[in-house]
Amino acid sequence: MTLAFIGTGSMGTALLAGVIAGGFDPAEIIATTKSADSARQLERAHGVRALALDDDPDANRSAAAEADCVLLGVKPWMVKDTAAEVGAAMAADAILVSMAAGVTLEQLAAASGCEAVVRIMPNTPCQIGCGVISLSPAEAVSPDRVETLRQLLSGAGDVVPLDEDLIPAMTGISGSGVAYFFLLAEEMVKAGVAMGLDEQTAAGMVVRTAEGAGRLLAKHPDPEALRTAVTSTGGTTHAAITTFQAAGFTGLVERAAQAAGRRAIEMAEEY
């Protein structure tokens with residue numbers, strides 16, 4: 001199988017890196033970028049063949065024509081035009097995969113002229129093989145081809161088959177959710193500095209705390225039980241947790257996830 005990553009930005013690069021880490025041969029990957037510099041960086045970092053649109057305006061079509069699976073990593077507002085561009089060049093039995101939020105399977109098929117379309121929603125930990133990737137195929141994609149795609153993507157993380165109408169929920173929890181943890185880490189570092197730690201020490205503590213908590217949660221996937229075990233009534237953790245709860249933390253998380261999901265639906269209407 002030959003893969004073409006079209007518009008290989010941060011998310012596309014994360015997924016590409018994860019696929020390679022899972023054992024896929026980088027020699028079978030073609031990537032396109034806008035600039036020659038970014039193309040050279042991809043080639044040096046990952047060993048793939050990279051084409052720059054600044055050097056060759058037909059780079060997207062050229063890459064798509066060689067591929068069995070074309071993965072669109074361009075911004076959502078560019079997906080329809082890019083899908084039309086590559087769809088005309090794709091082989092009749094090739095699959096078109098979009099990782100853009102808000103662009104539906106119906107919109108993708110209409111723009112590309114390709115019935116074998118799939119939506120995925122990866123998150124950035126895909127670059128280290130620890131991602132979560134939702135997988136939503138159109139009815140025209142056979143179960144065998146879905147399984148092939150699932151195995152391909154599994155090198156980048158956990159692949160979750162999902163009905164398309166649940167993608168906004170996945171976006172709110174996992175697609176955008178990585179940033180929620182980063183925001184918490186960012187604020188914890190600031191809090192440590194405000195309490196007298198130097199920034200490097202605070203950052204090191206936060207990183208290691210996040211890593212340890214994540215490993216514990218992976219081993220014992222019951223966050224409530226883990227939290228309760230470390231929260232003694234009247235203790236230091238209890239003081240912090242009650243402060244969070246008094247500020248409406250529980251409802252805030254739900255509202256934030258719902259806001260991300262609503263935005264995904266709005267984007268479908270816009271594009």
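Just so it is clear, the model here is predicted, and its values are computed rather than measured. As a basis for the values below, the full set of heavy atoms in this structure was taken, side chains included, without hydrogen atoms, waters or symmetry mates.
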Residues Met90, Leu96; criterion side-chain contact (heavy atoms from CB on, under 4.5 Å); working and verdict: CA-CA 9 Å; Met90 289 169 54; Leu96 181 62; 3.8 Å; yes
Pair listing, ring-ring contact (aromatic ring centres under 6.0 Å, His included) test, anchored in residues 145-182, at least two apart: none
Considering only heavy atoms from C-beta outward, does the side chain of Met267 approach that of Val103 to under 4.5 Å? no
What is the minimum heavy-atom distance between Arg150 and Leu135, and which atoms define it? CB-CD2, 4.0 Å
Can you measure from CD (Glu28) to SG (Cys69) and round to the nearest 0.5 angstrom? 13.0 Å
Expected output: side-chain Asn123 to main-chain Val132 donor-acceptor under 3.5 Å: yes
Whether Thr104 side chain and Gln107 backbone form a donor-acceptor pair below 3.5 Å: yes
Taking the side chain from Ser136 and the backbone from Leu162, do they hold a donor-acceptor pair closer than 3.5 Å? yes
Rounded to the nearest 0.5 Å, what separation is found between the CG atom of Leu153 and the CD1 atom of Ile133? 5.0 Å
I'd like to know whether CD of Glu139 has more than 12 heavy-atom contacts from other residues, nucleotides or ligands below 6.0 angstrom. no
Can you tell me how far CD1 of Ile241 sits from OG1 of Thr231, rounded to the nearest 0.5 angstrom? 5.0 Å
For side-chain contact (heavy atoms from CB on, under 4.5 Å), just list the numbers for Leu152 and Phe24, CA-CA rounded to whole Å, side-chain angles, deciding distance to a tenth of an Å, and then say yes or no. CA-CA 8 Å; Leu152 171 71; Phe24 194 86; 3.4 Å; yes
Please determine if Arg49 and Glu66 form a salt bridge, counting it only when a charged side-chain N lies under 4.0 Å from a carboxylate O. yes
Between Ser35 and Asp54, does a side chain to side chain donor-acceptor pair (under 3.5 Å) hold up when you go through it step by step? CA-CA 5 Å; Ser35 72; Asp54 284 348; 5.3 Å; no
Checking Asp25 side chain against Ala27 main chain: does a donor-acceptor pair fall under 3.5 Å? yes
With a 4.0 Å cut-off on N to O distance, would you call Arg262 and Glu266 a salt bridge? no
Sequence neighbours excluded, every pair satisfying ring-ring contact (aromatic ring centres under 6.0 Å, His included) that has a member inside residues 223-261: Phe244-Phe249
Intermediate values then yes/no, side-chain contact (heavy atoms from CB on, under 4.5 Å), Val146 and Asp144: CA-CA 5 Å; Val146 172; Asp144 286 347; over 6 Å; no
In terms of heavy-atom contacts, Asp56 and Ser62 come closest through OD2-OG, 4.2 Å
To check you understand the geometry: which heavy-atom pair defines the closest contact between Leu108 and Val79, and what is its length? CD1-CG1, 3.9 Å
Does Leu16 share a hydrophobic cluster with Leu72, counting links as ILVMFWY side-chain heavy atoms below 4.5 Å and allowing steps through other members? no
Closest approach of Pro26 to His46 (non-hydrogen atoms, all atoms of both residues): CB-O, 3.3 Å
Using a strict 4.0 Å threshold on nitrogen-to-oxygen distance, state whether Arg119 and Glu164 make a salt bridge. yes
Does the side chain of Val193 reach to within under 4.5 Å of the side chain of Asp198, using non-hydrogen atoms? no
Minimal heavy-atom distance between Ala116 and Ala94, with the atoms involved, is CB-O, 3.9 Å
Give a yes or no on whether the backbone of Gly172 and the side-chain of Ser176 come within a donor-acceptor separation of less than 3.5 Å. no
What's the verdict on side-chain contact (heavy atoms from CB on, under 4.5 Å) for Val141 and Val117, showing C-alpha distance, side-chain angles and the deciding distance? CA-CA 7 Å; Val141 184; Val117 295; 5.9 Å; no
Does Gln258 CD have over 12 foreign heavy atoms under 6.0 Å away? yes
Glu43 bridged to Arg40 by N-O distance under 4.0 Å: no
Could you tell me whether the side chain of Gln127 and the main chain of Thr124 form a donor-acceptor pair under 3.5 Å? yes
Donor-acceptor check, side chain of Ser134 to backbone of Met121, threshold 3.5 angstrom: yes or no? yes
In Å, rounded to the nearest 0.5 Å, how long is the span from CG of Asp68 to OG1 of Thr2? 5.0 Å
Is Thr228 close to Glu224 at the side-chain level, that is, under 4.5 Å between some pair of heavy atoms? yes
With Thr8, which of Thr33, Ile29, Val48 fulfils side chain to side chain contact (heavy atoms under 4.5 Å, CB included)? Thr33
For the backbone of Ala140 and the side chain of Glu115, can you confirm whether one donor and one acceptor N or O come within less than 3.5 Å of each other? no
From the list Val70, Leu71, Leu15, side chain to side chain contact (heavy atoms under 4.5 Å, CB included) partner of Leu3 resolves to Leu71
Donor-acceptor contact present, side-chain Thr201 to main-chain Leu197, <3.5 Å: no
Does Asp81 have any side chain to side chain contact (heavy atoms under 4.5 Å, CB included) partners at least two apart in sequence or in another chain, and if so, which? none
Compare every heavy atom of Ala239 with every heavy atom of Thr242, then report the nearest pair and how far apart it is. OG1-O, 3.0 Å
Quick one: CE on Met1 to CD on Gln151, what's the gap to the nearest 0.5 Å? 9.5 Å
